[in-house]
K.L.:
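Dropping the structure in here first, questions after.
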Amino acid sequence: MHALLADSTLTGGLLTLAQSDFPHALSTLTLNHYLFVSAAMFALGIIGFLTRRNLIIMFLCTELMFQAAGLALIAFGRYHLNFDGQSFVIFVLTIAAAEAAMALALVVLLFRRRESLDADLWAELKG
Amino acid sequence: MTDKLALVWPEIWLFVTTCVVMVVGLSPDLRVRKLCGWISALGLVVAIGAAVPVAHAGGLFPSITPYAKGMIGVVGLMLLPLLAGTVDRDLDAAIESGKATFSALRSNRAEFYAFFLFSLTGLMLTASADDLIWLFLALELTSLPTYIMVTISTRGTRSQEAGVKYFFLGALGAAIFLYGFALIYGATGTTDLAEIAAAFRAQSEAGGLNTIGVAGLAVALIGLCFKIAAVPMHMYAADVYQGAASGVSAMLAFVPKTAGFLAIIMLCGAVGWTHGATHDSLPAPIYILLWVIAAATMFTGNLLAIRQSSVKRILAYSSVAHSGYMLVGVIAGPGSGHGTFWDNGIAAVLFYLLTYGVTNVGTFAVLASIQKPNGEEADDIADIRGLHGTRPHLAGAMLLCVLSLLGMPPLLGFFGKVGLFTSAISAGEIPLVIVLGLNSAIAAFYYLRIARAAYLEPADEHVETRAGPIPQRVFAAVLSASAVVLLLTVAQMLMERSVTASGYHAPHAGMADTPHEALDLTRADD
Amino acid sequence: MLVLLILLPLLFGVAVLLRPPAAAKWWALGGTSLCLAIGAMLVGRFFANASPDVPFQAQGSFAWLPALGLNLSVGIDSVATLLIGLTLLLGPICVGASWTAIPQHRARLFYGWLLVLQAAMVGVFAARDLLVFYTCFEFTLLPMFVMINEFGSTNRHKAATKFFLYTFTGSIIALAGLVYTAWAVGTRATGVDGFTLDIATLTEHASHVLTAREQALVLLAMLCGFAVKVPLFPFHTWLPLAHTEAPTAGSVILAGVLLKLGTYAMYRFVLPLVPHAVLEHAPAVAILAIIGIIYAGLICWVQTDVKKLVAYSSVSHLGFCVLGLFALNSAGVTGSVLYMLNHGLSTGALFLLVGFMYERYHTRDMREIGGLGAKMPIWSTFMVFFVMSSVGLPGLNGFPSEFLCTMGAFISHTGWTSGAARHVGATWGPLGPWFGFAAGTGVIVAAIYLLAMVAKMVWGTLREPAVHHGEHDHHAGGPHLPVDLTAREIMTLLPIGVLCIVFGLFPTQTLIGAIESDVNAQVAFVHERSGEAPTEHEAHFAQQEHRQQRDAGRDEQIAGVKP
Amino acid sequence: MGVSMTTIMDAILSAAVAQHGGEAAHAAVAASHGVTGPLWIGLIPLLPLLGVVLVTLLACFNEKSKMPAWISVGLLAVSFLLTLFAYLGWNGHDAIHLKLWDWIGLSWGDLRGQTLAAGFAFYFDGLSLLWMLFVTGLACLIGLYASEYMEHDAGLGYCRFFAAFNLFVFSMSCLVMGDNLLMLFLGWEGVGLCSYLLIGYFYKKKSAVDAGMKAFVVNRIGDLGLLMGMLLTFTTFGTLQYDALFNQIHTGLTAGGTPLSQTWQVWAIPLLLMGGAFGKSAQLFFYVWLPDAMEGPTPVSALIHAATMVTAGVYLVARMMPLYLADPAHIALTAVTWGGAITAFWSATIAVAQFDIKRIMGYSTISQLGYMFAGLGVLATTGGVFHVFTHAFFKATLFLSCGAVMHGFAGQLDMRKLSGLWSINGFRVVVIAMLIGCLNLSGFPFTGGYFSKDMIIAEAFVTPDSVIAGSSWAGWLLLLTAGMTAYYTFRVFFRVFVGPVVYEPGEDLHAHDDHEHADAHGHGHGHDDAHDHAAEHFHPHGPKWAINLVLTLLSVGCILSAGLYFLGDHHGWAGGMVHASSAVVDTHAVEGGEEALLFGQPPHEIMFYISAVFGFGGILLAAWFHGPKGIAGLLIGGRTTAAEVRMDPIAKALRPISTWAVRKWYVDEFYHLVLVTPLKIFAHLFHWFDKLIVDGLVNFFGATPRVSSDAIGESTQTGVLHDYALRMVAGIAVVLVVVVLVLF
């Protein structure tokens, strides 16, 4: 796994994403680790979204997916040694916050109507 | 920086208008609040005006903004009368009949207009995006207000159901394309679209596209399918269109779809139609992906529409199908780049978006103009039966719009479709053209039903409808129907504009300031 | 003048919509009559100025959508002129035939669309641009749909939908084929700058740039559209249904003109655009046509619904028309063009007669009604007359067309013209005597079923439906009609009858002479071009070269602008 | 035969000699033709056409007088006179041409065979003149007859009758006078139409309508042969115009330059044309329509189905004789001979067993037509054509006499129910006319029929079997048939016209008139009263002046026609006419100059005796079996009632053969089983196939979207958010898998 980027000729000749002042345990982490985690988060988000019926949890799952993307962005940003990824993440967070605000308002509205947070109760429209 | 500022003047104007609308909307005076609509219209007109002078920006599609923003503004203007009174209708009626007095807190008219304008702002921003971050933000700005608009568009549970489905599935979609963006960034090391394009170019010249980049593109495109309601992300469309008020449905059929297509065009532009055996198509995985999606979308949309009895659902599924048609144009790509319309799929898509937007307003406007006795808007096909006898102009409008959507020559929709036809044939996409043709035929099943119901059949005896209280909607319907015919006179100009707009600035490898090595995660770790 | 003929009916259509319903039929009559008068002038002027060097007259063009290669261009050659004449002639006749059948409160809808339909039909024949053609071609569907759907009989919704969907589906695929041709010409033909839909340009270049395989595919696509319209076996099933359900005027137009759109399109596009493929596949098409002739003829024989019988007879007759076209020689193509006109007259008249009968008895079932000879002698006389015209009795109009189609198929055989035993009366072509023979058996079948119909309808003892289903919703309250034909009804039939005789006795002076040079030119063109199609490689090379030239041209332009 | 030659004959000879150096002969022949006739010749067919128009106009004004008849007869008389003038003004050898206008003309090149030119043009040579003389003459007389015969239908029916009658004469004139095969075809189909209309004149009677349709359809089958023959002629010779065609044939080459004898067309074309001729003239397989055609009014049977139209086939073969002779193997001529001979015999076997006198005449017509074809086949064109001429007169006489009987006895035609007309008041003229006709038909010595038939039979023996295979056998068959003819002819005469007076009225067919039959004209034989009153109240009424006059004139014509045999130097007047036409045969050239002998004698001489023996034999047999007691039964008859005759026990003994003969050998039933029924089954099969399979497929494809719509809609659009999400994700997975699968 270390050899993944062994022959890469990225500027600065970095073999890993770790910086010298990182804790040792982290210094061996490579891009792959981060991507793996990110993918796992994304998958978990999807699985959660598909399996949970509670509106709030479902929303949180989508947040998880957003953050998975954020993690990937940061990892890539670090890998490419530019700040695009990081600045992207800032905006992603902002959007996530906006969505959260909307989601909660929506959830309140829906709860008032049905006295329940079960998403599948809303199945009048179909066909 | 100032360059970019010049580029976004329309958005700025719209934003300012939005703010004004919100402020005016706080007025305790009903008459002042009623100005909101006019102010919005004014803002849109100014925005259109501001969009036109912008001649040439940078990026992959340097000339797309004037056309796109002009189109957005025009269709926005047509949508405006349709949206009038969506949220305050009951309150207004109550006030007029003296049952209630105006209460500043109960009215959210201004917010509604503001959301609409925000959404349009986002849409225009999408058109001027030259960066993934920008694109992402613009797309979200387009979508987020629509979630609210759907939910509050009527007071029934249906709108709320539509809202919940739209929002949650929308969030899922957004997450997906965001992840795709992340991967693209990872593969190219930049968020600037032009640089991404250059990087991809370099990769392909160096022996093949980066897997992660392709995967990212694929994931992003699939995520964007939600915006354009393409298979497999079309599930929500019918429910949401049906649940929302007709005006909002009309908007949903245009605004997110346009945003989605603009984004898809930009992403495809980033990878370029320079791959394949003859260097004139998208890279194989993306090509196959879009091909499958386009074909599946056409069939699914048209087939599902057949069984519906709700006109809104029919139109929703037809909107799905139309996305499929337009994807054909995306697949065909910008063609030879000779400044011709007929072999330019992107121009065809841009033109089609306009024709679709204009026509679609009409169909929904007719529905919005008819009211059932319980105050709901017309929805079921039985509700529009016999329209010819009672409101012939609405029936005529419905007929024209539906026929245009069907692609009946010589209406506007037909020429939209011909553009797709010719460009796809130029690109050698004969099977897709056949699929497109077959689907146009399948579409005739349900369009004919609508047309027949509205224009020919007598009214059902037990179904009562009456004219809605808002004359602007009738105006919108008639406006749209006449546009279907009248725009034909300027079709040449529109086509030329769309060609200019689709001017694709093909990337070269040297464009990127920081040439990055191909990122290859597949290489074995020994 | 051509444009006037397209616009006038539209204007009158608007007038019909705006005037009170009671005036609708008068406006319609005025509009169609005026058009007929103008049309007569047009036809007269055309043939006065006809010359082989200027095949197309009354040309007009307006660059509307150059971006799509679309010009609003019109022009007529002799074939188109005659077909326009037929269309315009049937206009007032249809109005006259609908005079009492259409209830007043729906008259505006009916006559309005009738006029629109007429404009569209004229447009098809007048078009010199592919998209103008296609537009009008498709736009005929809508008025017909309305007419069947609203003014038809019991099963009308199904019939209208089937008619629309079937033909619409076919023609979209045909459009794909046509656009493909346009594309190929636009990207490969030397001397063509960019995409064009101009029919003349396409005709000139298409056969040079399409490879054999492409031609076959384009042929297939075009046939999908046009064969459905004609209709050619086995794509005919919409026709009996549509005819049966359509109102009288609808049937007349459907049989008289709409079916001819298919054959006209074959004449105008299929033959000259893809001659190589046509030559190769003509036997297959001809076999379909012959199957149609005999198969549909036999089906006619066992029909009980007289209108369905006449409808199936159209299928059978149009088989001759297609057969003649695909004989690819002057006799066949001339016969085919004649057939387009003559079938329109005689079958149109048969539909009128059936319609008049239906208006009185509200049934078309020959088990319920028949033996009308004693009760309606005038009607019966016309019936026998037009049946004879339809059977192809020499001296009436059906014969020259049927004979020439059969002859065309018979003499169109390459084996005839080569080898030691050269046969001077034969022509180059893909069919042969067996095709002529098979088509000839169709003549026998035609005699069987049409005479069987006459035997049931006209001869025999009088049979009338026990109870008049006079309570048909559209007819309730309509004026009471006398037993036999009224003067108005006779006036609708008389002009057709006169033309039947004139075209039967003087075909050369009226029709054949008129179209001879155009048809000969067309046949010669097909002959010349059918020999070889470019290979894939050549086509590819042409495309490359074309692209380079265009690039060069653009560079020059840019270079020219820059300094 | 053929001692002196006309110019045409010379040309033909020279062409035959210099078969391959055809140009000179070609030029010579061309030069000998080409007399342009005066324009008034065109009036001959056009006057009847004018009659159609006038009569139709009268119908429009609902004319109820006999005006239509007078107009028709007048115009036909003028037409006849014009023909006569044309004949008298004719120079006796050259064909007269007259082109009125181009009918179907189409040209696609300047080379030979690239022009189809069929003018509305006329061509008068001996053959057409001969035909036209009796066509217009008889039409005029029979029109006069019909003016009385049809009088009970005065009104629309009367007009309808005379319109079709006139149209028939027009068509027949076009057929005979046409200058090309297409004109012939015009007339050919036109007479078919008129035949159809007139057979079905009593259109309320199903059998009449069916008979009309049968006639038309059977004719059409033959017409297919004619049509194909025409097209093949065009491809071979590049023209359909007689002159050009004959000139080409005389060169011995096809227009493409191949020697004719080496092509298959040389026998195929005549065979195909023969198909058409047999159809129209009711020969061989096609005869079945003619007996049924007797459903028509009797004047129609007389004119169309005996005298004129049915001889069109003979005309065609005679006209196309050069084509038939061009085949060195004479395949088509042999077929014509045997077709004619077999038909003659076959229909005679049916005729001997029938009881309907009109039908017997019908079968005898078929039989006599067989003689004519056999005559043409064995190269006795003169005999054949002469027989056409004499037959036209005597058969018209016979039919009209039968018609007079029918007219007087309310449609009774059954010989078992009629007897002794001689003794009934007012029928003397009829009986005499009938007798003259019968004598002619049975070939009684020194009648016209005797001479014409002998010429045919003798020539059959003259022509060597090497030229026409089995020619002498055909002669024996024809001889036998002559005897049978005499038998069945006089069977009718003896039973119906002489003997004890017995009669029973028939169902009055004439009651089926058009509309106005309610306002009866006060006829003794009423319309519906025929059924109301008992038979004893019925009084037969003899014919009035028009019928009697016509019968008299025709009888005189019959007698005079015999005299024609002695006119001129080409075996009579008819021979002269044939010599001046394309039908001429140089028998010396064809037969190699040798005459076969019969009983060691030249057949032409001995035949007079032999056939007289056969004729007498037949008559005596008839008298023995059917003749009444006394002088009217030639003293050997023994019949005392109408229904019982000496033949009955023999017929009973011969069962089932006699029953079969009565039932016409079940040919109609056979055709029904073999042709009509399968065709009908196919029609029904196709009908259902169309409905279920062809349309079913269309409906299937039409329903597919709807069905799949329901399937997809119900399974995916459940309305549940989670389902949607799941399907979206699954959909993404599927799409990605598809992409991967396609990629690799």
Side-chain angles (χ1 to χ4, degrees), chain C residues 162 165-166 233-234 236-238 295 298-299 301-303 329-331 334 371 373-374 377 384 388 393-395 399-400 403-404 406-407 410-411 416 420-427 433 436-437 440-441 443-444 447-448 451-452 455 458-461 505-509 512-513 516 520 523, chain D residues 59 101-108 111-114 116 120 156 182 185-186 188-190 193 196-197 200 203-204 206 209-210 212-213 216-217 220-221 223-224 227-228 231-232 234-239 254-258 262-263 514-515 679-680 682-684 686-687 690 694-695 698 702:
Chain C
K162 193 171 196 170
L165 291 179
Y166 205 159
F233 173 87
H236 61 276
T237 49
W238 62 269
Y295 171 89
L298 283 177
I299 290 178
W301 192 21
V302 294
Q303 291 304 315
N329 55 28
S330 292
T334 307
V384 173
M388 284 305 149
L393 190 82
F399 176 69
F403 175 74
L404 288 175
T406 314
M407 174 173 163
F410 191 96
I411 67 176
W416 283 130
R422 208 179 139 265
H423 299 277
V424 290
T427 64
F437 176 77
T441 57
V443 180
I444 301 173
I448 295 178
L451 292 188
V458 176
W459 314 132
T461 44
L505 286 179
F506 305 98
T508 310
Q509 290 75 5
I512 299 176
E516 198 172 12
N520 282 345
V523 169
Chain D
W101 67 82
D102 281 324
W103 179 36
I104 297 181
L106 174 68
S107 175
W108 56 92
L111 300 174
R112 283 189 80 183
Q114 294 190 330
L116 170 74
F120 204 98
L156 284 179
L182 265 184
F185 197 70
L186 168 79
W188 195 266
E189 294 287 317
L193 165 72
Y196 164 77
L197 290 177
Y203 61 82
K204 288 181 183 169
K206 189 168 184 310
V209 174
D210 289 349
M213 187 168 157
F216 199 87
V217 172
R220 275 254 157 164
I221 298 172
D223 294 351
L224 180 60
L227 187 67
M228 291 300 118
L231 294 176
L232 207 51
F234 184 76
T235 55
T236 311
F237 300 105
T239 179
T254 69
T258 321
Q262 293 176 14
T263 60
D514 262 337
H515 328 277
L679 210 55
K680 196 109 197 180
F682 267 113
H684 280 286
F686 284 166
H687 177 59
D690 204 52
V694 181
D695 201 29
V698 175

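Lettering of chains follows the sequences in order, A, B, ..., and the numbering in each one begins at 1. Values in this document were obtained by computation on a predicted structure and should not be read as measured data.
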K.L.:
Report which part of Val698(D) has an atom under 4.5 Å of a heavy atom belonging to chain C: side chain, backbone, both, or neither.
P.N.:
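Side chain only.
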K.L.:
Closer than 3.5 angstrom, by distance alone: can the side chain of Glu516(C) be matched with the main-chain N or O of Leu106(D) as a donor-acceptor pair?
P.N.:
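No; zero donor-acceptor contacts below 3.5 Å.
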K.L.:
Can you check whether Gly371(C)'s main-chain N or O pairs, donor with acceptor, with Tyr203(D)'s side chain at less than 3.5 Å?
P.N.:
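Checking the backbone N and O of Gly371(C) against the side chain of Tyr203(D), no donor-acceptor pair under 3.5 Å is found.
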K.L.:
Counting distance only, does the side-chain N/O of Trp101(D) pair as donor-acceptor with the main-chain N or O of Thr508(C) below 3.5 Å?
P.N.:
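Judged by distance alone, no pair lies under 3.5 Å.
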K.L.:
Side chains of Tyr295(C) and Asp690(D): closer than 4.5 Å at any heavy-atom pair?
P.N.:
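Contact flag for Tyr295(C)/Asp690(D) side chains = yes.
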K.L.:
Could I get the full list of side-chain contact (heavy atoms from CB on, under 4.5 Å) partners for Phe437(C), not counting sequence neighbours?
P.N.:
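side-chain contact (heavy atoms from CB on, under 4.5 Å) check on Phe437(C) returns Trp434(C), Thr441(C), Leu224(D), Met228(D).
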K.L.:
Tell me, out of Leu197(D), Leu227(D), Ile221(D), who's got the most heavy-atom pairs with chain C below 4.5 Å.
P.N.:
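The answer is Ile221(D).
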K.L.:
Measuring heavy-atom distances to chain D, does Met407(C) have an atom under 4.5 Å in its side chain, in its backbone, in both, or in neither?
P.N.:
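Both the backbone and the side chain of Met407(C) come within 4.5 Å of chain D.
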K.L.:
Mind ranking Pro433(C), Gly513(C), Ala452(C) by heavy-atom pairs under 4.5 Å with chain D and telling me who comes out on top?
P.N.:
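Counting heavy-atom pairs under 4.5 Å, the top option is Ala452(C).
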K.L.:
Judged by atom type as modelled, is there a donor-acceptor pair below 3.5 Å linking the side chain of Thr237(C) to the main-chain atoms of Val694(D)?
P.N.:
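No, the answer is negative, given that no donor and acceptor are paired below the 3.5 Å cut-off.
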K.L.:
Which residue is it: Thr427(C), Asn329(C), Thr334(C)? I am looking for the one with a side-chain contact (heavy atoms from CB on, under 4.5 Å) to Trp108(D).
P.N.:
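Among Thr427(C), Asn329(C), Thr334(C), the one meeting side-chain contact (heavy atoms from CB on, under 4.5 Å) with Trp108(D) is Thr427(C).
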K.L.:
Might you point out which heavy atoms bring Ile512(C) and Gly105(D) nearest each other, and give the distance in Å?
P.N.:
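Shortest heavy-atom separation between Ile512(C) and Gly105(D) comes out as CG2-O, 3.2 Å.
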K.L.:
Checking Leu679(D) against chain C: side chain, backbone, both or neither under 4.5 Å from a heavy atom?
P.N.:
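The answer is both parts of Leu679(D).
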K.L.:
Ile444(C), Thr461(C), Val384(C): which one forms the most heavy-atom pairs within less than 4.5 Å of chain D?
P.N.:
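With the most close heavy-atom pairs to chain D, the winner is Ile444(C).
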K.L.:
Could you walk me through whether Arg220(D) and Ile448(C) pass the side-chain contact (heavy atoms from CB on, under 4.5 Å) check?
P.N.:
CA-CA 9 Å; Arg220(D) 275 254 157 164; Ile448(C) 295 178; over 6 Å; no
K.L.:
Heavy-atom distances under 4.5 Å only: say whether Phe120(D) touches chain C with side chain, backbone, both or neither.
P.N.:
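Interface part for Phe120(D): side chain.
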K.L.:
Among Thr239(D), Val209(D), Leu231(D), Leu232(D), single out the residue with the greatest number of heavy-atom pairs under 4.5 Å to chain C.
P.N.:
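Most pairs with chain C among the choices: Leu231(D).
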K.L.:
What is the minimum heavy-atom distance between Gly395(C) and Leu186(D), and which atoms define it?
P.N.:
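What the structure gives for the nearest pair is N-CD1, 3.2 Å.
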K.L.:
Would you give the length of the straight line joining atom CG of Leu298(C) to atom NE2 of His687(D), rounded to the nearest 0.5 angstrom?
P.N.:
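Nearest 0.5 Å value for the CG-NE2 distance: 12.5 Å.
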K.L.:
Taking atom NZ of Lys206(D) as the centre, does the number of heavy atoms from other residues, nucleotides or ligands within less than 6.0 Å exceed 12?
P.N.:
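No, NZ of Lys206(D) has 12 or fewer neighbouring heavy atoms, counting only those of other groups under 6.0 Å.
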K.L.:
Tell me which of these, Ser330(C), Gly460(C), Gly440(C), Ala447(C), has more heavy-atom pairs under 4.5 Å with chain D than the rest.
P.N.:
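Counting heavy-atom pairs under 4.5 Å, the top option is Gly460(C).
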K.L.:
Quick check on Leu451(C) against chain D: is it the side chain, the backbone, both or neither that has a heavy atom closer than 4.5 Å?
P.N.:
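When you check distances to chain D, atoms from both the backbone and side chain of Leu451(C) fall under 4.5 Å.
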K.L.:
Counting only heavy atoms not in Phe682(D), do more than 12 sit closer than 6.0 Å to its CZ atom?
P.N.:
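At most 12 heavy atoms, drawn from other residues, nucleotides or ligands, come within 6.0 Å of this atom.
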K.L.:
Run the ring-centre check on Phe185(D) versus Phe399(C) and record whether the distance is less than 6.0 Å.
P.N.:
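Centroid distance Phe185(D)-Phe399(C): below 6.0 Å, so yes.
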K.L.:
Count the heavy-atom pairs under 4.5 Å between each of Phe506(C), Tyr166(C), Trp238(C) and chain D, then report the option with the highest count.
P.N.:
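The candidate making the most pairs under 4.5 Å is Phe506(C).
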K.L.:
Determine whether Leu404(C) and Leu116(D) satisfy the following criterion, side-chain contact (heavy atoms from CB on, under 4.5 Å), listing intermediate values before the conclusion.
P.N.:
CA-CA 10 Å; Leu404(C) 288 175; Leu116(D) 170 74; 3.7 Å; yes
K.L.:
What part of Tyr196(D) gets closer than 4.5 Å to chain C, counting heavy atoms only: side chain, backbone, both or neither?
P.N.:
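For Tyr196(D), the side chain is the part near chain C, not the backbone.
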